[in-house]
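Whatever order the structure lists them in is the order used to number ligands and atoms, beginning at 1.
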Amino acid sequence: MTQPDNKPIPLLDLQAQYDSIATELESAALQLMRSGQFIMGNPVAQFESDIAGYLGVENAIGCASGSDALLLALMALDIGPGDAVITSPFTFFATGGAIARLGATPVFIDIRPSDFNLDPASVRRFLEGSNTRYQALGVSPEQVKAIIPVHLYGQMADMEKFLAISKEFSIPLVEDAAQAIGAKQSFSDGCVVGAGVEGDFGCFSFFPSKNLGAFGDGGLITVCDPELAEKVRVLRLHGSKPKYYHRIVGINSRLDTLQAAILGVKLKHLDVWSAARQEKAGFYNRLFTEAGLVSEAPACWTGGCTSVCQWEGQGVVLPYETVALNGGAHIYHQYTIRVKNRDSLAQGLSDVGIGNSVYYPLCLHQQECFTGLGYAGIKELCPHAVCASNQALSLPIYPELSQDDQRRVVETIGQLLA
Ligand SMILES: Cc1ncc(COP(=O)(O)O)c(C=O)c1O
């Protein structure tokens, strides 16, 4: 129940964003409706060019959703039955779904608990054949045709290490950057790289709740290799080139023209919105620290971990920024804490009208549709991911969130944990 003097605090307030740029959005939508150009055309080409400039890539190709972006990237690599693709078990379903949809086998490898992202050291162990537990699944390292690091919550997976693995084992990288547009990471040589830019493919989502969200579904693929870029362009139009002639079988996955017009308007504001999210995250960190609510990270992060978490911390573990140094940037698609009694805290927050969400309550290797992969029969394959699925809780974050509301979120968490 909401307190009488306390209005609800949503997890995300898209209305506030709309109100702040309504005139620009409405004018773009009206212009599009009057033009009668509803499929592809100039607005899509213009947006592709604008976002390629923003990301600093040669080829940015619009498509119907982030899920399709992943599917098209794997299709361009000719991935299919008999192949395997490594990814994180702690992600939205689409990442694993795209692999399975093509008849390939997803190989779920554990996360690095500090940043919730696929752990490059564990991936390397699998590829070297030194993690004997995986042998029981019947997938061999030689079958691996791609690796999909997921940049969860707006923070990049360790791309420096993944690029080295990709080169050493000659396996393409498909970055799932659905949650991380504009995120950056600094490498040890000091260069700063963006999410979805350095891998062979970058896959982005414009689902409305994303930092750059459309008024419906939308997605984007970035591709380094010009031939693969051309293949993706053809695949998204049923494999047709020239029109009505098909050398390959594709799908219908165009970026909707109205969405492209909307996204073009919003792209101009993205960096300001991301900076505001970073500032809100910093303020949450300060409030939690000043309230004495911060717990040390569980010791098992640096050592062994079991899915039955032994962690006895009484407070919250703050999001751990692995990329904040030297120009790197977490873009805080989510501000996600860890807490021991997560479900009761989540319920307590909901009871007083404070938005919150669990991304994600069940790991992909534990999903019913993947039972046949055989993970249940092998103990402790992805224990860090299972712990994260029991402890992660995302709190309200959006550019327009007020400091008073943030104070109320932290005070309420303090009361609920007491
Ligand atoms: C990590 C991740 N991958 C893929 C997707 C799929 O994107 P879409 O919803 O646009 O299909 C999402 C979106 O929710 C996501 O968060």
Looking just at side-chain N and O atoms, do D110 and S122 make a donor-acceptor pair shorter than 3.5 Å? no
Which atoms of ligand 1 are found less than 4.0 Å from any heavy atom of V150? 1 (C)
One should read off an interatomic distance between I111 CD1 and L152 CG, to the nearest 0.5 angstrom, of 8.0 Å
Hey, which atoms in ligand 1 end up nearer than 4.0 Å to a heavy atom of S65? 10 (O), 11 (O)
Checking side-chain polar atoms at under 3.5 Å, does S188 have a donor or acceptor matched by the opposite partner on E160? yes
Closer than 4.0 Å to some heavy atom of A178 - which atoms of ligand 1 meet that? 2 (C), 3 (N), 4 (C), 5 (C), 12 (C), 15 (C)
Counting only nitrogen or oxygen atoms and a 3.5 angstrom limit, does D176 reach ligand 1? yes
Identify, for atom 11 (O) of ligand 1, the protein heavy atom at the shortest distance, and state residue, atom and that distance. S67 OG, 2.5 Å
Please could you name the atoms of ligand 1 that T91 approaches to less than 4.0 Å, counting only its heavy atoms? 1 (C)
Any side-chain heavy-atom pair of H365 and F370 under 4.5 Å: no
For ligand 1, which atoms sit closer than 4.0 Å to a heavy atom of K210? 12 (C), 13 (C), 14 (O), 16 (O)
Nearest 0.5 Å, what's the OG-CZ distance between S402 and F283? 9.5 Å
Is H151 close enough to touch ligand 1? Criterion: a residue heavy atom under 4.0 Å from a ligand atom. no
Below the 3.5 angstrom mark, is there an N/O of Q179, backbone or side chain, next to an N/O of ligand 1? yes
Please report whether ligand 1 has a polar contact with D217, defined as an N or O pair separated by less than 3.5 Å (distance criterion only). no
Q334 and Y359, any side-chain heavy atoms less than 4.5 Å apart: yes
At what distance, to the nearest 0.5 angstrom, does CG of D256 lie from OG of S65? 12.0 Å
Would you say the side-chain atoms of H151 and Q179 include a donor-acceptor pair closer than 3.5 Å? no
A student checking ligand 1 against G66 at a 4.0 Å heavy-atom cut-off should list atoms 6 (C), 7 (O), 8 (P), 10 (O), 11 (O)
For atom 12 (C) of ligand 1, which protein heavy atom lies nearest, and how many Å away is it? F92 CD2, 3.5 Å
